[in-house]
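Down below is the structure, laid out as structure tokens.
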Amino acid sequence: MNFQTNFQTKKKLGQLLCERLYLDQPSLEIGLSEQRVKPQPLGQILLKLSYITQHQLNEVLALQVGIKKIDLTDISISPDIITLVPAELVSKHSILPLRHENGRLAVAMTNPFQPHVIKDLQLVTGHAVRRYYAEPTQMENSILKFYGSNVARMLDNLVPAEQRPEAEMDNGDYSPARLSELAREPSLVNLVNLIILEAIEARASDIHIEPFEHQVKIKYRIDGMLVEKAPSSKRLQAAIISRIKIMGDMNIAERFVPQDGHIEFTGKSGRVDIRVSTIPTVFGESVELRLLDRSASLIGLEELGMNAQSLEGFDQSLHKTHGIVLVTGPTGCGKTTTLYAALNKIYSPAVKMITIEDPVEYQLEGINQMPVNPKRGLTFATGLRHILRQDPDIIMVGEIRDKETANISIRAALTGHLVFSTLHTNDAPGAITRLIDMGVEPFLLASSLEAVLAQRLVRTICQNCKKPYKPDETLLRSLNGSVAIKPDTEFYHGLGCNECMQSGMKGRIGIFEMLRITSTLRDLIATKPTTEQILKAAPADHISMEHDGIAKVLQGITTPEEIMRVAKSIGEED
């Protein structure tokens, strides 16, 4: 343990805050002037003025009164000390028991000035308490290390480790009545709510609950990558899945066919819509929950990460009076986000805009949005036919999945409507060949298509732990084959920290390929060209996704490894 003793009781609070650069002299003078007018503790005045944070005040007050600061980075705590203080108390008050010290229990605290917490500790442990101050980030990391995540602790409370047999084979073969009873137990309700809340706080887009022979794995998809969390006991499998089914208004008695459901969940920041999908597997039902945060603000077109040329080309296509504009890429690459940003940009009360989507992910002000409902016969094709009778100016079709939807969309574009849609292809030229393969007449496609935007999402470097580094030579050679890279070019990556969960990456940005349809390309499309022929005839301002990705590497936004990972999926169908 690394203890830092700081007995400086003679120094005043303002002086200590300035010494630590938490406060400048002019702000201190304003605080002191306020105090002379309205006598209050200086710390509270500075907090109200938003000059300092509560954590900064706690640290300096601890220093002022002689409470030692402790470094928790490489700390070790014996199991008997850990068992003295319940996890709930530790989590609630952000405290950590350290060791016995001359008959007292040494406890690290982020706020050592809470008498009621000291009293609770004395009652629970039967020991007098000696306080130490610890930084909030270190405290959070240490609590996770010694007590586990909230979900992990709750799983352990429900099925303690010593009660789990090595070969636990219970697949949860209960009657529907018993399943319903299990799923409504308060502990199970809280557990499922906690799993969803933790996923939302971790910025996850999906939750995967996967049953295996001896355990149930829980995974969150964060920034496009799956992160495995604490696994659940097999004994809880039936109850967890039944609880999710009840929340999603699904049939808990049916376990051998796939089901879909919908949950409206209220998180800390607002409403989250959750799409639920279950499929039967060898060891029980696998559940996937897609999280759609309704409270998240829509991203503007300029914030998506398009380079200047692609943004200009895409913006031009948005202001056409008619034609079809396509956004392509695999599932989860942000196609709908791009289309929503486009619709938001061109929205005007003078224009009628209608969308048909599966499902409606975000509600757009002033735009008519229709969800598909295949059970009632409302598909993209049937919905699109009815939309055309509503006198729209602009139409968005969530996805072109078949020949019928493709043909109706193209005919709508030819009859004076501006149509936006998405398509699952690897690159922009591939959209043209895919539509022709679907059975769309090449001459109709040539007349109606205005632009194709292909995209992927790449993870961005965590700004908190971003540092220069030298990438692998082989990797650089492969990048050098695409774009000339100067020998003195500086590359960056993330070292890994608490903010990015030790991954070095936090958040995502798009890489794009914008293909404008010129008169040369229109003539070519009518001849059923190959992808290679389309690429050769592309206009001079055409930039491939790989090149756009490499440009973002050179700007220090992402890493060469990330571009190579995503580039593999771009070239799969070459």
Side-chain angles (χ1 to χ4, degrees), residues 88 91-92 149-155 157-158 179-211 216-232 236-252 254 258-279 285-299 331-332 334 336-337 340 357-365 369 371-373 398 501 507-508:
E88 290 74 24
S91 216
K92 184 180 178 183
S149 72
N150 291 332
V151 168
R153 292 200 297 269
M154 193 159 188
L155 285 167
N157 289 338
L158 288 171
L179 283 173
S180 183
E181 187 185 325
L182 284 170
R184 285 185 166 86
E185 286 183 8
S187 55
L188 249 301
V189 172
N190 290 338
L191 173 62
V192 173
N193 287 348
L194 196 55
I195 289 170
I196 296 170
L197 279 169
E198 267 199 2
I200 293 167
E201 285 177 12
R203 303 176 295 105
S205 59
D206 301 80
I207 303 169
H208 295 259
I209 298 172
E210 303 171 343
V216 180
K217 291 192 175 181
I218 300 170
K219 299 174 184 175
Y220 299 159
R221 190 176 291 280
I222 302 167
D223 293 335
M225 305 292 281
L226 279 177
V227 179
E228 194 167 329
K229 309 307 278 188
S232 163
L236 297 177
Q237 177 179 320
I240 290 171
I241 292 169
S242 296
R243 176 63 200 160
I244 292 168
K245 282 183 169 182
I246 286 171
M247 292 170 77
D249 197 22
M250 298 154 78
N251 184 357
I252 63 169
E254 182 54 81
Q259 291 190 65
D260 293 314
H262 174 251
I263 298 170
E264 284 193 5
F265 188 86
T266 304
K268 288 180 182 176
S269 58
R271 200 180 85 186
V272 178
D273 275 14
I274 304 172
R275 278 186 278 165
V276 187
S277 169
T278 68
I279 58 166
E285 287 175 285
S286 176
V287 182
E288 201 277 346
L289 297 96
R290 169 66 60 89
L291 309 178
L292 303 169
D293 189 353
R294 298 285 190 190
S295 63
S297 56
L298 287 170
I299 299 173
T331 303
T336 306
T337 302
Y340 279 168
E357 305 170 56
D358 182 21
V360 173
E361 294 190 12
Y362 296 96
Q363 287 159 10
L364 303 172
E365 187 67 36
Q369 294 173 272
V372 301
N373 191 341
M501 293 181 286
R508 290 191 289 178

What closest approach, in Å, do S232 and I240 show between heavy atoms, and which atom pair accounts for it? OG-CD1, 3.6 Å
Would you give the length of the straight line joining atom CG of L289 to atom OG of S205, rounded to the nearest 0.5 angstrom? 11.5 Å
Interatomic distance, CD1@I222 vs CZ@R203, rounded to 0.5 Å, equals 7.0 Å
Non-neighbouring partners of E357 that pass side chain to side chain donor-acceptor pair (under 3.5 Å), sequence neighbours left out: Y340, T355, Q369
Just to verify, what does E254 make a side chain to side chain donor-acceptor pair (under 3.5 Å) with, not counting sequence neighbours? none
Is any side-chain heavy atom of L226 closer than 4.5 Å to one of H208? yes
Nearest 0.5 Å please: distance from the CD atom of E361 over to the CD atom of Q363. 12.0 Å
Test salt bridge (Lys or Arg N to Asp or Glu O under 4.0 Å) applied to D273 and R275, step by step: CA-CA 7 Å; D273 275 14; R275 278 186 278 165; over 6 Å; no
Any donor and acceptor pair, going by atom type alone, linking the side chain of S277 with main-chain N or O of E288 inside 3.5 Å? no
Which pairs with one or both residues in residues 239-252 pass salt bridge (charged side-chain N to carboxylate O under 4.0 Å, His left out), sequence neighbours excluded? K245-E285
Is a side-chain donor or acceptor of Y220 paired with a backbone partner of I195 at a separation under 3.5 angstrom? yes
Taking side chain as C-beta onward, heavy atoms only, is L236 less than 4.5 Å from V216? no
Return the CG to CG distance between L291 and D206, rounded to the nearest 0.5 Å. 6.5 Å
Might you point out which heavy atoms bring P258 and I279 nearest each other, and give the distance in Å? CB-CG2, 4.1 Å
Qualifying residues under salt bridge (charged side-chain N to carboxylate O under 4.0 Å, His left out), relative to R508, sequence neighbours excluded: none
To the nearest 0.5 Å, what is the distance between CD1 (I196) and OG1 (T266)? 11.0 Å
So which heavy atom on S286 is nearest to which on P211, and how close? CA-CD, 3.7 Å
Once side chain to side chain contact (heavy atoms under 4.5 Å, CB included) is applied, do any residues pair with M225, and if so which ones, sequence neighbours excluded? R459, R565
Less than 4.5 Å apart, any side-chain heavy atom of E198 and any of I207? no
Any chance you could measure L188, atom CG, to N193, atom CG, to the nearest 0.5 Å? 10.5 Å
Who pairs with R221 by side chain to side chain donor-acceptor pair (under 3.5 Å), at least two apart in sequence or on another chain? none
Begin from the C-alpha positions of V276 and I244 and carry the test side chain to side chain contact (heavy atoms under 4.5 Å, CB included) through to its verdict. CA-CA 8 Å; V276 187; I244 292 168; 3.8 Å; yes
Nearest heavy-atom pair of T278 and M250: which atoms, and what distance? CG2-CE, 3.6 Å
